[in-house]
Amino acid sequence: MFYRIRKNGALCAFLVNLLAGILAFGVFIIADGGLFSVAGDFNVQQIPFAMHANDAIKSGNVVWDWSLDLGSNFIGGMSFYVLGNPSFWLSLLFPSSWFIYLVGWFYVLKYAAAGLTSYLWMSRYVKDERNAIVGSAMYAFSGYMAENLLFYHFHDVAVLFPLLLYTLDLLMEEKKHGPFIGAVTLNLLVNYFFFPGDVLFLASYFIVRYVMKDGRKAWRRFPEVFAEGFLGCMLTMVLMLPSAIFVLQNPRVGFDYVGSNSLVFGAERYLFILKSMIFPGEVMSDHSAVIKKNFASCAAYIPMAELVLVIAFLNLKKKHWLRGMLKWCLVMAVIPILNAIFSLFAGLYYRWYYMPVLMFSLCGAIVIEEIEKQGELWSSPTRAEKAVSRGTVIWSVIVSAFVLFLLFVPWSSGEKSKIYRPDVFFAWTCVAAAGIILTWLILTRLRKYRRVLLLVGVLAFGIGTTSAAIELYHIANGEDAVHLKDRLDTSADFGIETIAYRYTNRDNPETLAHGYSESANFCSTVSGSIFRFYESLGLKRDVKSPEGPEGMMNLISARYTYSTKEKSEGTLIKTVKGKYKTYYIYENTDVPPIGFTYDTYMTFSEFSETADAEKAILMLKTLVVPDEKEDEAAAVLRHYNASVDGAVSTALIPEISRAHLQESAEKIERTTSSYRCEITAAQSRYAFFSIPNDSGWKAYVNGKETEIMDINGFMAVRIDAGVNDIELRYTVPGLTAGMILSLLALAGSIWWVLLHKKRAARAVRL
């Protein structure tokens, strides 16, 4: 059996990286009794998102997500994080509460899978597959993977990316049709944000690898490449089309590069990029040097070898196509506007660095092969060994200059040093120095077992730096997995019905993880209408909603509040005790349900002239209608007059809020695609619903479709005197069209593969 494993390079690569992953993660999983957590975004986003999506899918709540901030399209909100994630699909086999037990082992599987996929591609470019195994460990345990432990769904992108290159090679060189379709489908499904960068890199790879070698042949094959890529993209439309429509409504999508900052980074940024290749992956919120806090995923460290073997490769291979890809990566990395293409120009990110890391790893595998060609008995230094020595000297000079500059050169009069954590800086400097020295010793001074020793060294450094990153994240976070599990378990017992109301709180582990409706979430992908609502209040929503002004909780029907401390405000209705935390749940009986009426209005222009601090109270007091809808509103509502209808102030919030209870929603029913209630009105009015006004909503009053009026991102519908049966129905924009496109693409893909199989069989017979 061992012999068969050793002869199967792909299996060997998977198992080697699997074992290393177990060693890197296992100690933390065991220490926390089978649980696993990291810090920040991972704890309060990835775990609650996976739990919530698991429950939502199993219960069929997959149309409108009432728990995602103030409400959002489930597919649009979750597709970026979990819906295309293979490990999430696997987690559906288990109860959602098990995810915190499973996620550590999922990480181990991701590292093993990254080793496998990178091996498949690299093994095409080395004659001895054992060299590709070493390269696979470099890729799987790179600094990019360690630093991005905070962003669980980023690893799947790095895992699947080598398959794009591998299947493109199969199509171009062996005329194997079909695998490239599958690779494109998987890579687009796993994360649409990264996919345009993948396509950009793939296009460059096609040009450098094939067009520059034999342009006529490459362009003849290009229609097949394009066809398979197109089919792969179309197969994902059932998720991607609704997601695209959803994301385009998000104002975070924009262009942030103008003038000189689009052409040249500042010196600080170039130092930071250099640090990413010298030091292992760091804690994003607490870097050791250059930039203290940065969440841009700037990490490209290769365990132990760093860039020694890359420089050696450049010395050895003067005409290799890989040189072109390294140059392309360098240009894209150092010019801001080119770097920004990978993030669709929305911010300064380096989240595409897994691509150059894969190129660096292939350089390492090729150099090892060149060294091994000479055998163990070669007496004088070989050309490959000399190249490693030159690479060692050059990289040592670069690393030394970087370290000495930061140690002894003041940065500015206001900032004497760019070293923020001397202990970590010193440790990483030692790791860098030790890696350079060991790489040189193994490859130039030893003649036996060099490849094995280098693999052991890469794995040891990979395990060590990955474990160090986990521990540093734990230290920075301040909450371990055991306490996080207690928060999740205890909050599951709140047991408060939130169909017609919301919590004022916005903590994902306590609310989103259990499907409670709340005032906000820590989530980037929410309804664009939510952004418009906060903008109308003079606030900006980024990755999470800001603290709302006085009166906002009453406006959005946030009736309940939980706290870990007893409070004097509100009525205590429940106490929930956990092992480490006790939650006190309070109710504000002045808050109306989602759905209440107004008898006055004001225009948005008038509303905009008021102070930001009063805007939420004013929205609670009177209906704020678009200027162009004033005539419609005036037909049934009076124009708001402060002297007649009463002014607004913080002190009057309870009184204003209680007034809405007189005509508010009753007999409320809520499904994944609808909100239904009855409101009895004394006369014709407008009923307001603090539900984000996305394009998929339609309103029906007493069975008749009624126009929805947009109220600063929310909805209002006209009702008549008497009992009004109001139903709001939601349909996911683009879902039906996406299903049709995916089905057509599936049929087209089957036809395409069968067609080329028949052609290949016919060619063999001839």
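This chain uses plain numbering: 1 for the first residue, then up along the sequence. Keep in mind the model is a prediction, meaning the values are calculated, not measured. Computed from heavy atoms alone, side chains included, the values below leave out hydrogens, waters and symmetry copies.
- Glu678 has a carboxylate O that lies under 4.0 Å from a charged side-chain N of Lys667, or vice versa, which qualifies the two as a salt bridge.
- Between Lys574 and Glu587 there is no salt bridge, since none of the side-chain N atoms of the basic residue sits less than 4.0 Å from a carboxylate O of the acidic one.
- Using a 4.0 Å cut-off between charged side-chain N and carboxylate O, Asp720 and Arg685 make no salt bridge.
- With sequence neighbours excluded, the residues satisfying side chain to side chain donor-acceptor pair (under 3.5 Å) with Glu630 are Tyr601.
- Ring geometry for Tyr675 versus Phe689: interplanar angle over 60°, hence perpendicular rather than tilted (30 to 60°).
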Quiz item: Does the pair Met619 and Val648 meet the rule for a side chain to side chain contact (heavy atoms under 4.5 Å, CB included), with working shown?
Solution: CA-CA 10 Å; Met619 280 189 70; Val648 297; over 6 Å; no

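- Ring centroids of Phe714 and Phe533 are separated by less than 6.0 Å, placing the two rings close together.
- Scanning all heavy atoms of the two residues, the minimum distance from Arg541 to Val526 falls at CZ-CG2, 3.7 Å.
- Using cut-offs of 30° and 60° for the angle between ring planes, the Tyr349 and Phe193 rings count as perpendicular.
- Taking the six-membered ring where tryptophan is involved, the planes of Tyr152 and Phe99 are perpendicular, since the angle between them exceeds 60° and thus also 30°.
- There is no side-chain donor-acceptor pair under 3.5 Å between Ser491 and Glu510.
- Between Phe154 and Phe194, the gap from one ring centroid to the other is short of 6.0 Å.
- For Arg559 and Tyr586, the side-chain atoms include no donor-acceptor pair closer than 3.5 Å.
- Salt-bridge annotation for Glu707 and Lys629: present, with a side-chain N of the basic residue lying under 4.0 Å from a carboxylate O of the acidic one.
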Quiz prompt | Check against side-chain hydrogen bond (donor to acceptor under 3.5 Å, both in side chains), Asn508 and Asn521 | solution = CA-CA 6 Å; Asn508 290 349; Asn521 285 139; 3.3 Å; yes

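- Side-chain atoms of Asn693 and Asp710 form a donor-acceptor pair, as typed in the model, at a separation below 3.5 Å.
- At least one test fails for Arg676 against the ring of Tyr700: distance under 6.0 Å to the centre or angle within 45° of the axis.
- Between the side chains of Ser605 and Ser608, no donor-acceptor pair is found at a separation under 3.5 Å.
- Between the side chains of Thr561 and Thr504, at least one donor-acceptor pair of N or O atoms lies under 3.5 Å.
- Scanning for salt bridge (Lys or Arg N to Asp or Glu O under 4.0 Å) contacts around Arg718 gives an empty result, with sequence neighbours left out.
- Between Tyr730 and Trp697, the ring planes lie tilted relative to each other; the angle falls in the 30° to 60° range.
- Judged purely by distance below 3.5 Å, without hydrogens or angles, the side chains of Asp694 and Ser527 pair a donor atom with an acceptor atom.
- Between Asp590 and Ser657, the side chains place no donor N or O within less than 3.5 Å of an acceptor N or O (distance only, hydrogens not considered).
- A salt bridge links Arg729 to Glu727: at least one charged side-chain nitrogen sits closer than 4.0 Å to a carboxylate oxygen.
- At a threshold of 4.0 Å, the pair Lys293-Asp286 does not count as salt-bridged, since none of the basic side-chain nitrogens sits closer than that to a carboxylate oxygen.
- Taking the side chain as every heavy atom from C-beta outward, Ile530 and Ser72 approach each other to under 4.5 Å.
- Taking each heavy atom of Asn702 and Val723 in turn, the nearest pair found is OD1-O, 3.8 Å.
- Side-chain contact, Tyr562 with Asp507: a donor N or O sits under 3.5 Å from an acceptor N or O.
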Exercise. Step by step, work out the salt bridge (Lys or Arg N to Asp or Glu O under 4.0 Å) result for Asp489 and Lys579.
Key: CA-CA 9 Å; Asp489 290 347; Lys579 185 176 181 180; over 6 Å; no

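- Two rings, from Phe272 and His287, have their centers less than 6.0 Å apart.
- In this structure, a donor-acceptor pair under 3.5 Å is absent between the side chains of His514 and Asp55.
- Here the side chains of Met715 and Leu728 are in contact, with some heavy-atom distance below 4.5 Å.
- Ring geometry for Phe607 versus Phe604: interplanar angle of 30 to 60°, hence tilted.
- The one candidate from Tyr560, Tyr503, Phe494 that meets the ring-ring contact (aromatic ring centres under 6.0 Å, His included) condition with Tyr583 is Phe494.
- Using a 3.5 Å distance cut-off with no hydrogens or angles, the side chains of Ser67 and Ser517 do not pair a donor with an acceptor.
- Residues Thr597 and Ile719 meet the side-chain proximity criterion, which asks for heavy atoms closer than 4.5 Å.
- Side chains of His639 and Glu606: a donor-acceptor N/O pair is present below 3.5 angstrom, by distance only.
- When side chains are defined from C-beta on, Asp599 does not count as touching Leu623, because their heavy atoms never get closer than 4.5 Å.
- A donor and an acceptor atom, one from each side chain of His483 and Asp486, are nowhere located under 3.5 Å apart.
- Here the two rings, on Phe688 and His660, have centers that are 6.0 Å apart or farther.
- Note that NZ of Lys615 and OG1 of Thr610 are 5.0 Å apart. Values are rounded to the nearest 0.5 Å.
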